[in-house]
Asker: 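This structure is in structure tokens; I'll ask about it shortly.
Because only heavy atoms are used, hydrogens play no part in the values below, and waters and symmetry mates are left out as well, while side chains stay in.
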Amino acid sequence: MIGMNRRFYSTMLVLLLVAASPSMTFAQSKLYFDTRIGAGYNFVEGAHAGKGERPFKARNFLLHTFLYLQPRLQFNEQWALTAGYRGSGLTRGYKIEVPADVTVNPFPQGNQSGLARSAYLHQLPVQLHYTLGRYNIHPLDTLDRLYLLSFKLDVFVGGGLNRVGNNCLDCGNYDTTPLTGGTSPVRDVIEFREQPYYNRTWGGFLTGGVTAHFYRLGKERLNFSLALTQGLTDMMVVPVQYSYNGHLGATTLHVRGSGISATLGYPILISTFVRR
């Protein structure tokens, strides 16, 4: 935990030092407030790298929606710094498809069953943005460089803090009864038993992605972002037991809030700063 905190604070210090460097200054800076809505797919660590023994798969698709409130300081045409609040999810999912050599079905394919659940996660990100380029469409006045439509593309890197959203892990949503390990001569029997618990209240994460800013008549009207987030701390731990047609297994899932997300934002210009 101490090492993770050091990495997080080191990342934040680098971002702030870059933002304060002389190359970031410009004659005019703008302060925006981006209100965003988004959707994300989060997964446990190792979910897409063979976590668990086959036929158990440590992933099962579950999409969560969230609100993202993001103040943005646009230093110049190239650099910007953002911070804010966004919702996320401590999502875990898993599934089993009974192998053909184990199924009791009259056809070769075995039955499939799985679970996917999510606990709310608060996130406080800080991100540094760098513009890759601006692309103009339909010029109206070439002398004043006024365009009807244009957009710019930037990349961003950053990090932030995670905090668990509530203490309700079951809320009647999962069954902790022991596995029977049962079989049936007429159907595949798949059972799961999980016992999740919070491992940390606070943690850190790293994030990076791309943002497209869309302009009309020189004013930003909309923005769209794709982001990849990697949690640094096991926020939730989920021991899972399972059985399929009498075959027993167990694994432990580590949930950090890692995943991919997309957000659509409406920028509100708060203020313009002119330096002399």
Side-chain angles (χ1 to χ4, degrees), residues 4 38-66 86-103 105 108-123 160 162 164-166 168-177 179 181 188-200 203-209 225-245 247-263:
M4 183 280 296
Y41 163 61
N42 286 358
F43 43 81
V44 302
E45 299 308 301
H48 295 275
K51 171 71 176 179
E53 295 183 5
R54 300 181 67 181
F56 180 88
K57 294 182 179 179
R59 61 184 184 274
N60 201 0
F61 185 76
L62 178 65
L63 196 67
H64 66 274
T65 58
F66 58 89
R86 71 185 181 195
S88 187
L90 288 171
T91 303
R92 75 268 191 192
Y94 41 87
K95 58 187 175 183
I96 285 177
E97 182 176 343
V98 177
D101 60 342
V102 178
T103 183
N105 289 337
Q109 187 174 0
N111 288 344
Q112 179 176 292
S113 181
L115 293 172
R117 296 182 179 120
S118 184
Y120 193 77
L121 179 67
H122 303 287
Q123 292 192 318
N162 288 327
V164 297
N166 57 62
C168 184
L169 281 176
D170 55 358
C171 300
N173 290 327
Y174 68 93
D175 186 7
T176 60
T177 57
L179 299 179
D188 292 331
V189 178
I190 304 173
E191 299 176 301
F192 298 104
R193 181 178 187 264
E194 65 171 27
Q195 295 178 294
Y197 62 89
Y198 284 123
N199 188 59
R200 290 282 191 274
F205 66 89
L206 298 177
T207 187
S225 293
L226 295 173
L228 173 65
T229 299
Q230 174 61 55
L232 302 176
T233 311
D234 289 347
M235 305 296 292
M236 181 191 296
V237 177
V238 187
V240 178
Q241 297 174 320
Y242 56 88
S243 73
Y244 54 98
N245 289 351
H247 296 259
L248 301 176
T251 190
T252 299
L253 307 180
H254 299 269
V255 191
R256 299 179 180 179
S258 302
I260 56 177
S261 62
T263 57

Asker: What's the verdict on side-chain contact (heavy atoms from CB on, under 4.5 Å) for Asn105 and Asp188, showing C-alpha distance, side-chain angles and the deciding distance?
Answerer: CA-CA 7 Å; Asn105 289 337; Asp188 292 331; 3.2 Å; yes

Asker: To the nearest 0.5 Å, tell me how far Tyr242 OH sits from Lys95 NZ.
Answerer: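 Reported to 0.5 Å precision, the distance equals 15.0 Å.
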
Asker: Check the orientation of Tyr244 and His247. Use parallel for under 30°, tilted for 30 to 60°, and perpendicular for over 60°.
Answerer: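 Geometry flag for His247 against Tyr244: parallel rings.
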
Asker: Run the side-chain contact (heavy atoms from CB on, under 4.5 Å) test against Ala58 and tell me which residues pass, sequence neighbours left out.
Answerer: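 side-chain contact (heavy atoms from CB on, under 4.5 Å) check on Ala58 returns Val44, Lys51, Phe56, Leu253.
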
Asker: Between CD of Gln123 and CZ of Arg86, what distance do you get to the nearest 0.5 Å?
Answerer: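 Atom-to-atom, Gln123:CD and Arg86:CZ are 4.5 Å apart.
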
Asker: Is any side-chain heavy atom of Phe205 less than 4.5 Å from a side-chain heavy atom of Ser88?
Answerer: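 Phe205 vs Ser88: side chains apart.
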
Asker: Using 0.5 Å steps for rounding, measure from the OG1 atom of Thr91 to the OH atom of Tyr41.
Answerer: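 Thr91 OG1 to Tyr41 OH: 9.0 Å, rounded to 0.5 Å.
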
Asker: If you take all heavy atoms of Thr103 and Pro108, which pair is closest and at what distance?
Answerer: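 It is CG2-O, 3.6 Å.
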
Asker: Between Asp234 and His254, is there a donor-acceptor pair closer than 3.5 Å when you use the side chain of the first and the backbone of the second?
Answerer: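 A pair under 3.5 Å: no.
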
Asker: Measure the shortest side-chain to side-chain distance between Arg256 and Gln230 over non-hydrogen atoms and say whether it is less than 4.5 angstrom.
Answerer: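 Yes, side chains in contact.
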
Asker: Is there a side-chain hydrogen bond (donor to acceptor under 3.5 Å, both in side chains) between Ser118 and Asn42? Walk through the geometry before answering.
Answerer: CA-CA 9 Å; Ser118 184; Asn42 286 358; over 6 Å; no

Asker: When rounded to the nearest 0.5 angstrom, what is the spacing between CG in Asn60 and CZ in Phe43?
Answerer: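 Here the rounded value is 14.0 Å.
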
Asker: Once rounded to the nearest 0.5 Å, what's the spacing between atom CE of Met235 and atom CG of Leu232?
Answerer: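 Output value for this atom pair is 10.5 Å.
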
Asker: Between Asn162 and Thr233, is there a side-chain heavy-atom distance shorter than 4.5 Å?
Answerer: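 A side-chain contact under 4.5 Å is absent here.
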
Asker: Using the ring of each side chain (for Trp, its six-membered ring), is His122 parallel, tilted or perpendicular to Tyr120, with breaks at 30° and 60°?
Answerer: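 His122 and Tyr120: perpendicular rings.
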
Asker: Closer than 3.5 angstrom, by distance alone: can the side chain of Ser258 be matched with the main-chain N or O of Gly231 as a donor-acceptor pair?
Answerer: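 Indeed, once roles are kept as given, a pair shorter than 3.5 Å links the two residues.
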
Asker: Determine, stepwise, if the pair Glu194 / Val240 fulfils side-chain contact (heavy atoms from CB on, under 4.5 Å).
Answerer: CA-CA 4 Å; Glu194 65 171 27; Val240 178; 4.1 Å; yes

Asker: Is there a donor-acceptor pair under 3.5 Å between the side chain of Thr252 and the backbone N or O of Val238?
Answerer: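 Pair absent, no side-chain N/O of Thr252 close to backbone of Val238.
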
Asker: What residues, two or more places apart in sequence or in another chain, satisfy side-chain contact (heavy atoms from CB on, under 4.5 Å) together with Glu97?
Answerer: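 In terms of side-chain contact (heavy atoms from CB on, under 4.5 Å), with neighbours along the sequence ignored, Glu97 is linked to Gln109, Gln112.
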
Asker: If you measure from OG1 on Thr229 to CD1 on Ile260, what distance do you get to the nearest 0.5 Å?
Answerer: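 It is 10.0 Å, given to the nearest 0.5 Å.
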
Asker: Say whether, by atom type as modelled, one donor and one acceptor occur between the side chain of Arg193 and the main chain of Leu179 under 3.5 angstrom.
Answerer: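 Answer holds: no.
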
